[in-house]
Protein chains: 2
Amino acid sequence: MKAEIIAVGTELLMGQIVNTNAQYISRGLADIGVGVYYQTVVGDNVDRIKETLAVAKSRADLIICTGGLGPTQDDLTKDVLAEVLGRKLVIHQPSYDYMENLFRTRGITMVESNIRQAYMLEGTDPLPNDTGLAVGNAVTQDGTHYILLPGPPKEMKPMFDTYVISWLTDRMGSVQPLFSTMMKFAGIGESFLEHALIDLIQAQTDPTIAPYAKEGEVALRLTTRAASKEQATEKLWPLEREIRTRLGDHVYASEDITLELEVLRLLTAANKTLSVAESCTGGQLSDLLTAVPGGSHSFAGGVICYTNRVKNKVLGVPMEQLEGPDAPGAVSEETARLLAENVRKLADADYALSLTGVAGPAESEGKPVGLVYVGIAERDAETEVVTLNLSGNRETIKLRASKTALYHLWKKIKI
Amino acid sequence: MKAEIIAVGTELLMGQIVNTNAQYISRGLADIGVGVYYQTVVGDNVDRIKETLAVAKSRADLIICTGGLGPTQDDLTKDVLAEVLGRKLVIHQPSYDYMENLFRTRGITMVESNIRQAYMLEGTDPLPNDTGLAVGNAVTQDGTHYILLPGPPKEMKPMFDTYVISWLTDRMGSVQPLFSTMMKFAGIGESFLEHALIDLIQAQTDPTIAPYAKEGEVALRLTTRAASKEQATEKLWPLEREIRTRLGDHVYASEDITLELEVLRLLTAANKTLSVAESCTGGQLSDLLTAVPGGSHSFAGGVICYTNRVKNKVLGVPMEQLEGPDAPGAVSEETARLLAENVRKLADADYALSLTGVAGPAESEGKPVGLVYVGIAERDAETEVVTLNLSGNRETIKLRASKTALYHLWKKIKI
């Protein structure tokens, strides 16, 4: 199957929003082995939508449109495709009934523009909208598959995952389903990962190895086709084992979860708590940890010791250690150690992480941008301090420092 | 001018990255009055790039390509356009010299693949790359303007802003240049803003009013064409004044800066400092404040008082206020007040903000998700407490609470 993704919406052409739908669908199609050859964006204009559909039909046999299914006069996609395919628009009764009930409950009068959202092309497959009102559509005509999806990502994504993937795999004939494993890594960068696995990556055929990198996180997806989950595991496991043999110290999960979630999970399972003292990261590590709902069971909070006064007054670092010609300074192993130990005691936590360093853009205390000390304190144990030399801009250094601190704690508490 | 933006890169079609370049360019073109009619993404494939260029030429007279200017064999855009336009590729000497010098300094041998980045189409306008190695190109042939830009946003954006905009406006003939003013708002949402200005928005012709909204921030850009800056000001000012009359309490800047930057600027100018006590926001407000380089002059740091123990032990909130059947609880006006007052004293700061509330997903202390108390303490002044009822998911509530707290401080310190 050759796919083209068409996003309909003048707001995209004005640059008011980014076409994240195209990425989401492209990745989802890649996962089931369908290649995307083009992505196109066109405005809310009948003639130009028609022309775009005609161009797409000439070079693809799967056309997925997003956007233009809503209630307003600018929402044209369904009408245009109906005209192009010579089909009538008919009411999709379950969507209509749902909407009518919803409006009645809320005491609002349903008008024709609302009802438009329940229309579908006659004789096609409706795609239910579990998070909104506009029904989607799927149809095959003259050898081309057409799929219409709503534009808002919160409606598009569930419809795509729940209904489109199975609709497509049903039509892909005897191809075996895809199975995949995600491996998440901490404490190494993308280039280190690629270097360590370059022979596997270059030799890959089945399973395939796809690296994913976001700032501060590195992941691999191993994918294969198989008749059953058991058969897939037989094919995936030797590769995962080989990667774990080489990089096991860095594999923190076999599913797509963040490092902070895994750390909080381990802490919760062990009934332990964590506190933090953040200087150069300025609250980012705490922000990551509190993004996880329920994290308060194991995250005790901490101190943003951004100034020497707070390091001294709240966390008990002596001023003579922080300031003066011969003092180690705020950015030092000694300070990182005391910050971690004292914030742990202050919050009565089992573990503490401290971060003190130079996030830039200018150096500080004569120390270079990217130098960060991470203290890792543990109840009834020796405090460790790790020295990092990070590269990147201020934002990147803050994030890498936060993630690397979590990595060192993870190494300590993993089973 | 009718524009089409073509992004070249298989990684986009695989869904590995999002096409943010298309948005950036679309918005930049909208600002100078050029309409984008299509955005297209095509892979690193000679035939398909050719076909895409041919389709674009049939429907646009400005074609902007991003990507495919790098050193690898997958970087094909320049070669394909040279072939399509029947032009030779020649060395752009300044780019070549710069690269040669860079490589010599680093002791690396420059190979043919590197040199490819200094190639340009013969007889065209080079677009210097101030943040990378691949030179861009601009050329008009047979009435169509072609512009080639590098794919990495950190190279593309400066090249577009610095060289492409002026190259285009030079070719837009007698059209007067565009002038615009950005107005940034705090403490109100997009729908409130639109409601307050609906008559102005609906009646707009010249100047135009374009709303921009990101999570936690709302902005308007007022734009007009004029012969001079003075003439533009004469046209823009009455509209800006009218908006300020209606919403002046919420306009924190006439340029595109964040609220946290404006707050830190005001504090620095007044030689004042700020500290924070964050419960429900968990460090996010501090993270925002420390994203601003040099913020340490006026940001004193604070406490992540995520647990009652830290609220009590570090910030002196009595346990009987926090816990017990008749206690106000952690999420209360009383606690917000004490947190703000005590963190201000602890950090010896002039101002303090405290945030305590329910970020969700579950309620807490029998209080609903979205209820947040913000304390605003000031040296030698009464402490204020503001009650917020925010909507959204956990992430949204954290961000809205952080931004709203900053808004209330801004109201207090603005001149």
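When reading the values below, keep in mind they use all heavy atoms of this one structure, side chains included, and skip hydrogens, waters and symmetry mates.
Per-residue counts of heavy-atom pairs under 4.5 Å with chain B were compared for A/C305, A/A30, A/G302; the largest is that of A/G302. Among the candidates B/G282, B/A291, B/A359, B/G301, the residue making the largest number of heavy-atom pairs closer than 4.5 Å to chain A is B/G282. Most heavy-atom pairs under 4.5 Å with chain B: of the set A/P361, A/A347, A/A362, A/A3, this distinction falls to A/A347. Top candidate by heavy-atom pairs under 4.5 Å with chain B, chosen from A/R309, A/R59, A/E4, is A/R309. In terms of heavy-atom pairs under 4.5 Å with chain B, the best-connected choice from A/V36, A/L13, A/L12 is A/L13.
Between B/I304 and A/V303 there is no side-chain heavy-atom pair separated by less than 4.5 Å.
Evaluated for a side chain to side chain donor-acceptor pair (under 3.5 Å) with B/T290, the options A/Q284, A/E278, A/K398, A/R394 yield exactly one hit, A/K398.
Residue contact with chain B, scored on non-hydrogen atoms closer than 4.5 Å, is absent for A/S279. For a residue to count as touching a neighbouring chain, one of its non-hydrogen atoms must lie under 4.5 Å from one of that chain's; by this rule B/T281 touches chain A with the backbone only.
Around CD of A/E395, the count of heavy atoms belonging to other residues, nucleotides or ligands within 6.0 Å does not exceed 12.
Inspection of non-hydrogen atoms places B/Y38, B/Q39, B/T40, B/V41, B/V42, B/G43, B/R48, B/E51, B/T52 of residues 38-52 of chain B under 4.5 Å from chain A.
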Throw together a table of side-chain donor-acceptor distances under 3.5 angstrom for residues 14-22 of chain B, partners on residues two or more places apart or in other chains.
unit_1, atom_1, unit_2, atom_2, d
B/N19, OD1, B/A22, N, 3.4
B/N21, ND2, B/G151, O, 2.8

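Here OH of B/Y37 is found 10.0 Å from OG1 of A/T10. Values are rounded to the nearest 0.5 Å.
Residues satisfying the side chain to side chain donor-acceptor pair (under 3.5 Å) criterion with B/E323, sequence neighbours excluded, are B/N308. In terms of the side chain to side chain donor-acceptor pair (under 3.5 Å) criterion, B/R27 has no residue partners (sequence neighbours excluded).
With hydrogens and angles disregarded, no donor-acceptor distance shorter than 3.5 Å links the side chain of B/K313 to the backbone of A/D348.
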